[in-house]
> 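Structure incoming, see below.
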Amino acid sequence: MTRRVLMCEPLHYRIDYEINPWMRRSNRVDGARALAQWRRLRESLEELGVSVELVEQAPGAPDMTFTANAGVVAGGRFLPSNFRFPERRPEEDHFIRWFRHAGYAVETIHLPHYWEGEGDVLPAGDRVFAGHRYRTEFRALDHLEEALGTELVRLELADPRFYHLDTCFAPLGGGRALYAPAAFTTEGRAELASHFDDLIAVEPAESLRFACNALVVDRRVVMNAGCPATARALRERGYEPVESATDEFIKAGGSVKCLALMLDAFVPEGAGAP
Ligand code: ARG
């Protein structure tokens, strides 16, 4: 649930390297199409009343448009990621500079423990869920727990195609969540089942279309286009799916949620935000 996000216009978005199973350098991004899809997504969010802050993309940081990986924002504090792969580390300083300038206190998580921000850490109700294994190190979560002052529900990821928690899990509010069962271990699935009354299993084909990589704005669920079964499941429960095409971004392994960092999700708006 969010009303304020940080996005980054994909002016330098490219597939320059391969750090997840989705990325192939031979599968070139159509820059104009990517830009149009991103602009449409931004408009949809604004139409829903979400205020969109913008950080400028650095030319040497082709994945910077995936702002969800910048870190986590808790009130007036920004906890920047320690990226797993050197290819994405140049982004760190750009995000830190933006948050300092915007008046946030920047608090780093101990190196060398890597973690990738909201890509792997998502609040739901009064709990915070954290995915680990591919991009976020278990040990980093000890430090994050201290920084956030709350115990994390830790979920081990089990399929490299779902390398971040936000690729396979979307809390919807009210004890509900979307998830891709195959992305979790048996223990992870049991853990999730113990926290949600209505855990909606997304069908395999749609989970691979990033149906879980959704952004929730009240009862609206902004998600990639072409996920009819998930859209139906949402409608049956009183949600309104809002489809936005993101296939140019799926080439890099990301969709709607990856393209927005929530500025108000960990601490409600007005409580300490600059
Ligand atoms: N190419 C990027 C990477 O592999 C995609 C990041 C997607 N972001 C996300 N929050 N799942 O790091």
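Read the numbers this way: they start at 1 and go in the same order the structure lists the ligands and their atoms. Since the model is a prediction, treat every value here as computed from it, not as a measurement.
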> Please report the interatomic distance CG(D247) to CG(N224), rounded to the nearest 0.5 Å.
7.0 Å
> Can you tell me how far apart CG (N20) and CZ (R135) are? Round to the nearest 0.5 Å.
5.5 Å
> Is the shortest distance from a Lys or Arg side-chain nitrogen in R42 or E9 to a carboxylate oxygen in the other one below 4.0 Å?
no
> So, applying side-chain hydrogen bond (donor to acceptor under 3.5 Å, both in side chains) with E248, which one of R33, R28, Q37 is it?
R33
> Answer yes or no: is there an ion pair linking D93 with R100, defined by an N-O contact shorter than 4.0 Å?
no
> One line per pair, note the atom names and distance for all nitrogen or oxygen contacts under 3.5 Å between ligand 1 and the protein.
unit_1: ligand 1; atom_1: 1 (N); unit_2: D63; atom_2: OD1; d: 3.2
unit_1: ligand 1; atom_1: 1 (N); unit_2: D63; atom_2: OD2; d: 2.9
unit_1: ligand 1; atom_1: 1 (N); unit_2: A252; atom_2: O; d: 2.9
unit_1: ligand 1; atom_1: 4 (O); unit_2: N20; atom_2: ND2; d: 2.7
unit_1: ligand 1; atom_1: 4 (O); unit_2: R135; atom_2: NH2; d: 2.8
unit_1: ligand 1; atom_1: 8 (N); unit_2: N69; atom_2: OD1; d: 2.9
unit_1: ligand 1; atom_1: 10 (N); unit_2: N69; atom_2: ND2; d: 3.1
unit_1: ligand 1; atom_1: 10 (N); unit_2: D166; atom_2: OD1; d: 3.3
unit_1: ligand 1; atom_1: 10 (N); unit_2: D166; atom_2: OD2; d: 2.8
unit_1: ligand 1; atom_1: 11 (N); unit_2: H164; atom_2: ND1; d: 2.8
unit_1: ligand 1; atom_1: 11 (N); unit_2: D166; atom_2: OD1; d: 2.8
unit_1: ligand 1; atom_1: 12 (O); unit_2: R88; atom_2: NH1; d: 2.7
unit_1: ligand 1; atom_1: 12 (O); unit_2: R135; atom_2: NH1; d: 2.9

> Is R40 paired with E43 through a side-chain N to carboxylate O contact shorter than 4.0 Å?
yes
